[in-house]
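What's counted below: heavy atoms across the whole structure, side chains too, no hydrogens, waters or symmetry copies. None of these values were measured; they are calculated from a predicted model. Sequence lines set the chain letters: A, B, ... in the order given, protein chains first and strands last, and positions in each chain run from 1.
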Amino acid sequence: MAFWLMKSEPEELSIHDLQRLGQSRWDGVRNYQARNFLRAMTPGDLFFFYHSSCPEPGIAGIGEITAAPYPDPTALDPHSNYHDAKASEEKNPWSALDVSFVEAFSRVISLAELKHQAGLEELALVRKGSRLSVMPVNAEQWALILALA
DNA sequence: GCCAACGTTGGC
DNA sequence: GCCAACGTTGGC
């Protein structure tokens with residue numbers, strides 16, 4: 001079992017949306033490095049649900065990977081914001097997977113707090129210039145962040 | 001393969 | 001809205 005962190009704009013999908021829905025498809029990733037991390041995920045893996053591009057950016061809860069990665073259907077949908085004109089049924093470079101709700105933290109662990117937390121220096125989220133939307137979290141980092149919640 | 005121009009991300 | 005940083009595109 002592995003740990004991850006994935007970013008979502010809460011206006012699109014927040015941890016509370018996921019709580020209400022129970023499960024959701026995680027799609028729209030259009031960066032190869034992030035996609036490669038998606039493809040490394042297996043059912044049972046847990047991820048921190050990060051709220052980005054919002055008034056209070058930070059980790060808002062936990063979700064679980066429930067299905068192995070499959071071709072991202074939004075890449076083929078001309079009406080989707082994530083449509084990729086170069087993708088086809090035969091050759092779709094993008095991946096999506098299914099996630100389920102695990103927990104909503106009683107507070108958001110803010111980005112500022114994560115930046116100041118000793119032991120998280122290597123976390124891609126807080127590294128200068130890093131804009132990855134999907135990233136690995138090691139067991140030590142996971143436990144450290146969980147203890148802040 | 002180089003690299004300038006452009007687009008995107010995402011915090012502030 | 002600004003802008004730093006990174007990624008992608010496309011001419012050469």
Side-chain angles (χ1 to χ4, degrees), chain A residues 2-21 23-41 45-65 69-138 140-149:
Chain A
F3 300 113
W4 309 91
L5 181 149
M6 299 206 285
K7 297 179 183 175
S8 176
E9 300 189 11
E11 283 195 4
E12 197 163 339
L13 181 77
S14 72
I15 188 70
H16 303 103
D17 294 330
L18 184 59
Q19 180 167 28
R20 182 167 41 79
L21 296 167
Q23 59 169 14
S24 179
R25 185 174 67 205
W26 204 277
D27 55 28
V29 172
R30 294 293 178 270
N31 169 283
Y32 284 104
Q33 201 180 350
R35 182 211 66 182
N36 291 342
F37 286 132
L38 269 191
R39 289 185 176 177
M41 295 179 182
D45 285 359
L46 298 175
F47 67 97
F48 284 130
F49 195 120
Y50 181 90
H51 285 172
S52 68
S53 296
C54 60
E56 198 185 7
I59 296 172
I62 296 174
E64 179 177 350
I65 309 302
Y70 50 85
D72 184 347
T74 64
L76 306 177
D77 178 0
H79 302 297
S80 169
N81 289 334
Y82 303 118
H83 180 237
D84 178 358
K86 286 182 285 190
S88 65
E89 199 78 54
E90 300 73 31
K91 255 198 141 178
N92 183 349
W94 304 115
S95 297
L97 42 68
D98 296 333
V99 305
S100 67
F101 173 80
V102 173
E103 179 182 354
F105 294 155
S106 55
R107 69 184 191 97
V108 172
I109 308 170
S110 74
L111 178 61
E113 187 174 353
L114 294 165
K115 280 181 175 171
H116 287 120
Q117 180 61 44
L120 297 181
E121 295 82 2
E122 299 304 314
L123 185 65
L125 182 75
V126 303
R127 301 213 64 148
K128 185 173 155 58
S130 171
R131 295 180 316 183
L132 265 184
S133 61
V134 180
M135 68 192 76
V137 174
N138 70 32
E140 291 74 23
Q141 293 163 339
W142 181 269
L144 221 162
I145 294 168
L146 204 52
L148 300 173

Problem set entry | Nucleotide B/dG10, atom C1' - distance to CE of A/Met6 in whole Å | 18 Å
For this session: May I ask you to check whether over 12 heavy atoms, not counting those of A/Glu121, lie within 6.0 Å of atom CD?
Result: yes
For this session: Give a yes or no on whether the backbone of A/Leu18 and the side-chain of A/Ser24 come within a donor-acceptor separation of less than 3.5 Å.
Result: no
Problem set entry | Spacing of A/Leu125 atom CG relative to B/dG10 atom P, expressed in whole Å | 10 Å
Problem set entry | Distance, rounded to the nearest Å, where A/Asn31 contributes CG and B/dG10 contributes C1' | 14 Å
For this session: For A/Glu56 and B/dG11, give me the distance from atom CD to atom C1', rounded to whole Å.
Result: 14 Å
For this session: Please confirm whether any donor atom in the side chain of A/Arg131 sits under 3.5 Å from an acceptor in the base of B/dT8, or the reverse.
Result: yes
Exercise. For B/dC12, does OP1 or OP2 lie under 4.0 Å from any side-chain N or O of A/Lys115?
Worked result: yes
Exercise. Taking OP1 and OP2 of B/dT9, is either one under 4.0 Å from a side-chain nitrogen or oxygen of A/Tyr50?
Worked result: no
For this session: Measure from the side-chain N and O atoms of A/Asp45 to the backbone N and O of A/Ala2, and report whether any donor-acceptor pair falls under 3.5 Å.
Result: yes
For this session: Compare side-chain N and O positions of A/Lys86 against OP1 and OP2 of C/dT9 and report whether any pair is under 4.0 Å apart.
Result: yes
Seminar exercise, completed: Whole-Å distance, A/Tyr82 OH to B/dT8 P, equals 13 Å
For this session: Determine: side-chain N/O of A/Lys7 to OP1/OP2 of B/dT9, distance under 4.0 Å, yes or no.
Result: no
Problem set entry | Whole angstrom value for the distance that separates P of B/dT9 from OH of A/Tyr32 | 15 Å
For this session: Round to a whole Å and report the spacing from CZ of A/Arg30 to P of B/dT9.
Result: 11 Å
For this session: Report the distance from atom CZ of A/Arg127 to atom P of C/dC6, rounded to the nearest whole Å.
Result: 11 Å
Exercise. How about A/Tyr82 and A/Trp94: are their ring centres within less than 6.0 Å of each other?
Worked result: no
